[in-house]
Amino acid sequence: MTTRRWHVTSGRGTAARVVFGVTAIFALIEAVYILLIVLGANTANGFFAFIQSLAEPLALFFPGLFGTGNYNLDIFLNYGLAAVFWLVVGSILARVIGR
């Protein structure tokens, strides 16, 4: 019985995984930002400023979409929707690339 030591994969499958991985990281950044806001992180902290500088541009047009009057709920809805958006876009792109 022989075993294969080298398994050849298509470049499209790898590209699809990379695309989905990148968009999943974008969604994770949004989720971390939501947690930092909702849990009351120190806004003067360098880590908070770093995550905020990444999360705000990645949120695209979603901030300000919902205005409930509760700041934490607004952050959760707007940035949470952006995270879901990145997961959906990544999934769609990965399927298109992987075909």
Side-chain angles (χ1 to χ4, degrees):
M1 183 159 49
T2 62
T3 59
R4 276 199 229 174
R5 295 191 89 178
W6 305 100
H7 179 67
V8 178
T9 60
S10 73
R12 292 185 335 197
T14 302
R17 285 191 297 274
V18 168
V19 166
F20 184 75
V22 169
T23 57
I25 289 171
F26 290 172
L28 180 65
I29 290 168
E30 297 295 339
V32 169
Y33 183 64
I34 291 168
L35 286 175
L36 289 174
I37 293 290
V38 171
L39 297 177
N42 179 7
T43 57
N45 185 286
F47 180 72
F48 179 85
F50 174 69
I51 294 296
Q52 184 180 28
S53 71
L54 294 175
E56 287 181 351
L58 290 175
L60 302 174
F61 49 85
F62 291 105
L65 187 62
F66 294 104
T68 62
N70 182 343
Y71 179 70
N72 286 344
L73 183 59
D74 291 348
I75 292 292
F76 182 77
L77 289 174
N78 295 325
Y79 288 88
L81 192 57
V84 169
F85 168 80
W86 283 115
L87 290 175
V88 168
V89 166
S91 181
I92 291 169
L93 287 175
R95 266 193 198 173
V96 169
I97 292 170
R99 285 190 175 174

Should [X] and [Y] be regarded as members of a common hydrophobic cluster, given that ILVMFWY residues are connected when their side-chain heavy atoms come within less than 4.5 Å of each other, either directly or indirectly?
X: Leu81; Y: Ile92; value: no
X: Val96; Y: Val18; value: no
X: Val22; Y: Val89; value: yes

Nearest heavy atoms of Ala55 and Tyr79, plus distance in Å
O-CE2, 3.9 Å
Please name the pair of heavy atoms, one in Ile97 and one in Ala15, separated by the smallest distance, quoted to 0.1 Å.
CG2-CB, 3.9 Å
I'd like a table of donor-acceptor pairs (distance under 3.5 Å, sequence neighbours excluded) in which one partner is a side-chain atom from residues 28-48, with atom names and distances.
residue, atom, partner, partner atom, Å
Glu30, OE2, Ala59, N, 3.3
Asn42, OD1, Ala44, N, 3.1
Asn45, OD1, Phe47, N, 2.6

Check side chain to side chain contact (heavy atoms under 4.5 Å, CB included) between Ala24 and all other residues, then give those that pass, not counting sequence neighbours.
Phe20, Leu87
Residue set satisfying side chain to side chain contact (heavy atoms under 4.5 Å, CB included) with Val84, at least two apart, ordered chain then number -> Val88
Among residues two or more places apart or on two chains, list those pairs meeting side chain to side chain donor-acceptor pair (under 3.5 Å) that have a residue in residues 53-65.
Gln52-Glu56
Working to the nearest 0.5 Å, report the span between CH2 of Trp86 and CD1 of Ile25.
12.5 Å
Show me the pairs that pass ring pair (Phe, Tyr, Trp, His ring centres under 6.0 Å) and involve residues 52-77, at least two apart or across chains.
Phe62-Phe85
With sequence neighbours excluded, what pairs up with Thr68 under the side-chain hydrogen bond (donor to acceptor under 3.5 Å, both in side chains) test?
Asp74
